[in-house]
Asker: 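Here it is, the structure in full.
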Amino acid sequence: PTPEGLRLAIGVGFIGAYTTFSTLEYETHALLETGEFTAALANVLGSVVAGMLAVRGGVLLARQWIV
């Protein structure tokens, strides 16, 4: 990619993903600190499951449109 494209990919892609992940971690930690263990577990599991469903849906859509 061009230097501008590379800057954009790093800024939006990597940094965006890192801040999203750190938010998940921080919110889960806050739930654990307040003793809300069930909510913390639901937060982690819900995020992982929703993320995997989104990836799977995106892959299936891409395969229909590209192939």
Asker: Can you name the side-chain hydrogen bond (donor to acceptor under 3.5 Å, both in side chains) partners of Thr34, sequence neighbours left out?
Answerer: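 Thr34 satisfies side-chain hydrogen bond (donor to acceptor under 3.5 Å, both in side chains) with Glu36 only.
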Asker: Side-chain atoms of residues 37-53: list all donor-acceptor pairs with protein atoms under 3.5 Å, sequence neighbours left out, distances to 0.1 Å.
Answerer:
unit_1: Asn43; atom_1: ND2; unit_2: Thr28; atom_2: OG1; d: 2.8
unit_1: Ser47; atom_1: OG; unit_2: Asn43; atom_2: O; d: 2.8

Asker: Listing request: all side chain to side chain donor-acceptor pair (under 3.5 Å) pairs with a residue in residues 5-17, at least two apart in sequence or in separate chains.
Answerer: Glu4-Arg7
Asker: Measuring from atom CD of Glu25 to atom OG1 of Thr23, what distance do you get when rounded to the nearest 0.5 angstrom?
Answerer: 10.0 Å
Asker: Does some side-chain heavy atom of Glu33 sit less than 4.5 Å from a side-chain heavy atom of His29?
Answerer: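 They are in contact (side-chain heavy atoms under 4.5 Å apart), so the answer is yes.
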